[in-house]
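A quick write-up on the structure given underneath.
All ligand and atom numbering here is 1-based and tracks the order in the structure.
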Amino acid sequence: MTGRLAVLISGGGSNLRALLDACEDPEYGCEVVLVIADRHGCAGIDHAAEAGIDTAVLAVTDFPSREEWDQALASRLTESSPDLVVSAGFLKILGSAVLSAFPGLIVNTHNSLLPSFPGIHGPRDALDYGVKIAGATLFVVDEGMDTGQILAQCAVEVLEDDTEEVLLERIKAAERAQLVRTVGSMMRDGWRVEGRRAFLNARP
Ligand SMILES: Nc1nc2c(c(=O)[nH]1)N[C@@H](CN(C=O)c1ccc(C(=O)N[C@@H](CCC(=O)O)C(=O)O)cc1)CN2
Ligand SMILES: NCC(=O)N[C@@H]1O[C@H](COP(=O)([O-])[O-])[C@@H](O)[C@H]1O
């Protein structure tokens, strides 16, 4: 079975591109069936469309309410029947309509070692705090913000002369590799969650 991935983005989509590149290999066992952005003008949408992948832009401001946006996002995702929804640089908190449509089937990659430095400025916050080890986390999305069960983490050294931009790119390189490795494992070999803990190479 080829794992059907729906990917949510808000920007350039380097994580999306890494998944698309991995999907070129039939042994990887996945295909990206839908890419959705929360704002117009995302380069990642253009890249996906050029690759012939179904795309959509659902901006909150295009809807009468946040709840109606959330419902429209849930409906659009459901139309594509994904096996997994991958939030990769998606800068909107998903609401109950999306979460209930895909319980335990939404993952998010975040550029910090959660639970440290949640939110949208992970590398900056890590640098400002003065940590010596930063990194990235792939976790199961829940109703909280960056609070779901952790599927994978990778460590990245913080160097003394690092700027936010340099550290961000070093983290993102490790983050992309982790995302490709872990999503592929989940689709090929399964995973399970028990309370706060998540396990790869396992089935419920
Ligand atoms: N229900 C959840 N939805 C999402 C989660 C999550 O853990 N639970 N993770 C995010 C990704 N994320 C960090 O990894 C994150 C994204 C966005 C925000 C945020 O504050 N968003 C604001 C708007 C920000 C903007 O548009 O510039 C908002 O949603 O109003 C925090 C963390 C993906 N979704
Ligand atoms: N918490 C949300 C957040 O900060 N997400 C971060 O946005 C970047 C998206 O990069 P990309 O658009 O090149 O894939 C990634 O580094 C991801 O961790």
Side-chain angles (χ1 to χ4, degrees), residues 5-22 32 35-48 55 57-63 65-71 73-74 77 84-127 134-156 164-180 182-183 193 196 198:
L5 306 178
V7 184
L8 307 178
I9 65 170
S10 293
S14 70
N15 280 283
L16 166 65
R17 294 167 190 251
L19 286 172
L20 290 173
D21 290 347
V32 176
V35 178
I36 294 179
D38 72 329
R39 58 199 70 191
H40 300 279
C42 289
I45 288 286
D46 297 336
H47 184 75
T55 63
V57 176
L58 278 73
V60 171
T61 51
D62 292 344
F63 293 84
S65 69
R66 182 79 177 228
E67 291 71 22
E68 286 168 276
W69 170 82
D70 188 49
Q71 184 56 61
L73 180 56
L77 285 165
L84 192 68
V85 179
V86 181
S87 168
F90 189 67
L91 297 181
K92 286 293 182 293
I93 296 299
L94 298 168
S96 57
V98 173
L99 296 174
S100 57
F102 300 95
L105 297 176
I106 307 170
V107 298
N108 180 76
T109 183
H110 177 67
N111 49 25
S112 83
L113 290 177
L114 294 173
S116 298
F117 315 122
I120 58 177
H121 298 293
R124 181 199 70 184
D125 297 342
L127 198 61
T137 302
L138 185 70
F139 63 92
V140 179
V141 171
D142 64 13
E143 63 285 347
M145 184 186 79
D146 300 345
T147 54
Q149 294 93 345
I150 293 173
L151 292 156
Q153 291 189 298
C154 57
V156 172
E164 179 184 347
E165 294 73 21
V166 169
L167 178 59
L168 172 61
E169 287 312 311
R170 188 179 311 120
I171 292 171
K172 287 184 73 172
E175 177 183 31
R176 289 189 289 268
Q178 174 173 266
L179 179 68
V180 166
T182 309
V183 166
V193 171
R196 275 295 319 171

Could you walk me through whether Leu8 and Leu77 pass the side chain to side chain contact (heavy atoms under 4.5 Å, CB included) check?
CA-CA 10 Å; Leu8 307 178; Leu77 285 165; 4.1 Å; yes
Pair Ile93-Arg66, side chain to side chain contact (heavy atoms under 4.5 Å, CB included): steps then yes or no:
CA-CA 10 Å; Ile93 296 299; Arg66 182 79 177 228; 4.0 Å; yes
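Of all the heavy atoms of Glu175, the ones lying under 4.0 Å from any atom of ligand 2 belong exclusively to the side chain. Only the backbone of Thr109 comes within contact range of ligand 2, with a heavy atom under 4.0 Å; no side-chain atom does. If you look at His110 next to ligand 2, the close heavy atoms, those under 4.0 Å, come from the backbone and the side chain alike.
Not one N or O on the side chain of Thr182 forms a donor-acceptor pair closer than 3.5 Å with the backbone of Leu179.
Contact annotation: the side chain of Ser96 never approaches that of Glu143 to less than 4.5 Å [non-hydrogen atoms, C-beta and beyond]. In this structure, the side chains of Lys92 and Leu73 stay at 4.5 Å or more apart for every pair of heavy atoms. The shortest distance between side-chain heavy atoms of Ile45 and Ile9 falls below 4.5 Å. With a 4.5 Å cut-off on side-chain heavy atoms, Val141 and Phe139 count as touching.
In terms of protein heavy atoms, atom 11 (P) of ligand 2 is closest to Ser14 N, 3.4 Å.
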Can you pull every nitrogen or oxygen pair between ligand 1 and the protein closer than 3.5 angstrom?
from     : atom 1 : to     : atom 2 : distance (Å)
ligand 1 : 1 (N)  : Leu94  : O      : 3.0
ligand 1 : 1 (N)  : Asp142 : O      : 2.9
ligand 1 : 3 (N)  : Leu94  : N      : 2.8
ligand 1 : 7 (O)  : Gly144 : O      : 3.4
ligand 1 : 7 (O)  : Asp146 : N      : 2.7
ligand 1 : 8 (N)  : Asp142 : O      : 3.1
ligand 1 : 8 (N)  : Gly144 : O      : 2.6
ligand 1 : 14 (O) : Asn108 : ND2    : 2.8
ligand 1 : 14 (O) : His110 : ND1    : 3.3
ligand 1 : 14 (O) : Asp146 : OD1    : 3.0
ligand 1 : 21 (N) : Leu91  : O      : 3.3
ligand 1 : 26 (O) : Arg39  : NH2    : 3.4
ligand 1 : 26 (O) : Leu91  : O      : 3.4
ligand 1 : 26 (O) : Lys92  : NZ     : 2.7
ligand 1 : 29 (O) : Arg66  : NH2    : 2.9
ligand 1 : 29 (O) : Ile93  : N      : 2.9
ligand 1 : 30 (O) : Arg66  : NH1    : 3.2
ligand 1 : 34 (N) : Lys92  : O      : 2.8

